Visitor: 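Below is a structure I'd like to ask you about.
Predicted model, so just to flag it, every value in this text is computed and none were measured. Numbers restart at 1 for each chain; the letters A, B, ... are given by sequence-line order, proteins then strands.
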Amino acid sequence: MLLTGFSIPVDMHALNLFERIRGGDGQYQAVLDGLLSDQRWGAPLGEEELLELLQASTDRKLLARGLTYLWYTGDLLQWTKLAHDELRPESLLTAATPPDFYAGLMWQAISAHPPALSGGYYGHWHYQPEN
Amino acid sequence: MEPLNELAFDVVVVGTGVCGALISHKLSQRGVRVLMLEAGPDQRANRIQMAGAYVASANRNLSAPYFDGIVPPDILGPDSSKGYYDQSSVRSEQLQSTFQRTVGGSTWHFLGNMPRFVPSDFELYSRYHKGVDWPISYEVLEPYYTIAEKEIGVAGDHDAWNDYLGAFRSKPYPMHAIWPAYGDKFFDSISGRSYQDESDGSARVVQVLRTPQARNSTIYDGRPACAGNSTCTPICPIQAKYDASVHIKKATATGAHLISSALVKKLEVDPKTGVITHLSVLRYGATAESREESLDISNKTVIIAANAIETPRLLLMSGISKGGVGLHLMDHLQGYALAEASEPIYPFRGPITTSGIDVFRDGKFRSESAAFRISIGNDGWGREGSPAKETWKLLLEDKFGPGLRAAVRDRLTRMHRISFSTEMLPEATNRVELSAKVDAFGLPRPKITFSFPDYNKRAFLHAGRVAEWLYKQTGWTQRPLDKLEPSGAGHIIGTTRMGTASSNSFADSFGAAHEHPNLYVAGPCLFPTAGTANPTLTAVALALRTADRLLQLLVP
Ligand SMILES: Cc1cc2nc3c(=O)[nH]c(=O)nc-3n(C[C@H](O)[C@H](O)[C@H](O)COP(=O)(O)OP(=O)(O)OC[C@H]3O[C@@H](n4cnc5c(N)ncnc54)[C@H](O)[C@@H]3O)c2cc1C
Ligand code: SF4
């Protein structure tokens, strides 16, 4: 919730993907553990306080951005291309899986659906979305 | 593999795109024995997996669903700039459009817009002293347009289109128009306003029309209604969008014989009579191991429906060049304008465009600058700003949590795009030749010479002014563009054009080659000029006319 604005449980799949992209060897688990065990984490935080918390280390900010991006988009390649300079990926993953992509939160955020999985009925695009 | 010479047939069709598939169906339905040869593999059973492969793919390009790990990628979906076409490295001088090699051809990945040409498109020279006239008129093709719309399943608004720009319609569309996207209503509200066109001094009524589409608005021909999956290019997961596998199934059900992974590499010609006597066919299997066969066709008819790159390439590889083979290559060069809407318009749901503005498809200005068709987008900023890219940009602005969620919603639900496709003129210098470089089969790759002509550059400025006016009318904020670079529309046209004699063309209006009694060609390669309509409906109408002619000749 703090990172994405959605209530979702912390998801190890995204962390694993992040480790692989960065060529990490478990150190991001430690960064994540550090963040989660920070006593300010979990308390209601304003935008500035959250940023302060994330800025505690470069790794922390990088991880927060990376995980949030993965949760939002499920989209590894766009990420590695775009975020190349900042993330300096050691390995470019060549594919996400369809479930990763379909689960991206950004589609919910904009009241749309992931391409190829509308789950909708004919004509839904004609109306204002319900949510 | 069954040896080809053991098969009994009267007509051989090379290429199973929509044109080849429809001709095969029409002939086999009347008892003509048809052999269909297709260079690509048969992937028809894998539709859902292919849609999944697309979303999970590295670069989500047009060919992404079709890679099968066996056939070299440039054989399946030739990349326009790397690997297959041999062409200039300067982007504005590249043909950026490509095609698909698979059973069913390029309709698998096409968008499915289905406007007709308008009458003036057939008379560009007589009316505007540009290009050439077609050897047939709109009136001649009109009955075939109605059959084409029924065969393909086109959803459209008959009343709005009847007589628009002089194009009468003798029959309604088989399905009602696809419902417009939510964001289109902002353009509907300005429809009917008058635009003072500086290009030729005229005042034009700008009407917003529902674009006719090869996309079901109801259950049709055993296929479901569109559910708005938004991946029409490069694949519709539920086949609500037409693709030529529809007619391949119908053709084989009526007796046509389909051989996939069979690439025709050469036609043997009798030098005295011009008759095509043999086809050299390269057949490859799951292991990509190939075998060459020579198919005797001396007393048969051959139809090449291999698209406007591969048809001339095959003819040139066979030593056939008379009648301008390979010349007059055209596309609809595309540009766009972007805006931020003043309120959410909720794109990324449903077909990527449902409405357009067609009034600039004809006018006196065509003697100076190209006509164009405008599409109103429903896919945000298209290639210029994918949802993922915009999300990353917001993260770089240190947005997190509820603030991020709100910012993503605010930015992504207000992105809008207008694109325009401009008509290219037939120029002999824009062409397909044989390269000294070879493809994965060891055959010469197509060498492409292409340009961004002044006629189109002027149209880009014209369309840019119209887009600015449109966004002003909606009250939205237009985003400045830093470049005026064209992209391809996928509409590969010309290269074996039709005309009255071999001095000006390769074939007649039925697609019959002037110099080869048993050879026909089908597809947008026959068009003498490009018009502004997406080409497939017109190519299909012509192919249906070719099939009629062949039935007259072959069925007593
Ligand atoms: C991104 C994109 C969007 C498009 N959107 C639209 C649209 O909205 N509306 C529209 O009207 N058009 C659209 N088009 C264009 C449309 O796809 C083509 O006009 C149409 O599919 C051409 O059909 P065809 O039968 O002539 O050729 P194709 O469909 O290309 O079929 C030719 C077939 O011949 C086979 N072949 C080639 N060479 C050989 C050989 N030597 N031996 C055996 N087989 C061979 C190929 O493998 C292929 O299967 C789009 C194209 C693209 C790329
Ligand atoms: S919008 Fe989706 S369901 Fe509709 S035609 Fe396109 S891909 Fe198919």
Visitor: Under a 4.5 Å heavy-atom cut-off, does chain A meet the side chain of B/P347, its backbone, both or neither?
Guide: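 Contact with chain A is through the backbone of B/P347 alone.
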Visitor: Of the backbone (N, CA, C, O) and the side chain (C-beta and beyond), which part of B/F348 lies under 4.5 Å from a heavy atom of chain A, both, or neither?
Guide: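 Both parts, backbone and side chain.
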Visitor: Sort A/Q128 into side chain, backbone, both or neither according to what part of it lies under 4.5 angstrom from a heavy atom of chain B.
Guide: both
Visitor: Excluding sequence neighbours, so at least two apart, what forms side-chain hydrogen bond (donor to acceptor under 3.5 Å, both in side chains) with A/E52?
Guide: none
Visitor: Determine whether B/R215 and B/L111 make a side-chain contact, defined as any pair of heavy atoms from C-beta on separated by less than 4.5 Å.
Guide: yes
Visitor: According to side chain to side chain contact (heavy atoms under 4.5 Å, CB included), who are the partners of B/K185, at least two apart in sequence or on a separate chain?
Guide: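 Listed in chain order: B/Y182.
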Visitor: Should the heavy atoms of other residues, nucleotides or ligands under 6.0 Å from CD1 of B/I48 be counted, would the total exceed 12?
Guide: yes
Visitor: What distance separates B/L394 CG from B/K389 NZ, expressed to the nearest 0.5 Å?
Guide: 13.5 Å
Visitor: Tell me which of these, A/A109, A/A112, A/A64, A/P129, has more heavy-atom pairs under 4.5 Å with chain B than the rest.
Guide: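 The answer is A/P129.
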Visitor: Below 4.5 Å, heavy-atom pairs only: which of A/W125, A/W107, A/Y72, A/Y127 has the largest tally toward chain B?
Guide: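 When all of A/W125, A/W107, A/Y72, A/Y127 are compared, A/W125 has the most.
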Visitor: Give the member of B/A225, B/A240, B/A406, B/P351 that has the highest number of heavy-atom pairs under 4.5 Å with chain A.
Guide: B/P351
Visitor: For the interface with chain A, which of B/A181, B/S217, B/G350, B/C236 has the highest count of heavy-atom pairs at distances below 4.5 Å?
Guide: B/S217
Visitor: With distance as the sole criterion, is a donor-acceptor pair present between the side chains of B/Q100 and B/T107 under 3.5 Å?
Guide: no
Visitor: Between B/I178 and chain A, which part of the residue has a heavy atom less than 4.5 Å away: side chain, backbone, both or neither?
Guide: both
Visitor: Is there a donor in the side chain of B/N113 and an acceptor in the side chain of B/T211, or the other way round, less than 3.5 Å apart?
Guide: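 B/N113 vs B/T211: no donor-acceptor pair found between side chains.
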Visitor: Is chain A contacted by the side chain of B/D410, its backbone, both, or neither, given a heavy-atom distance below 4.5 Å?
Guide: neither
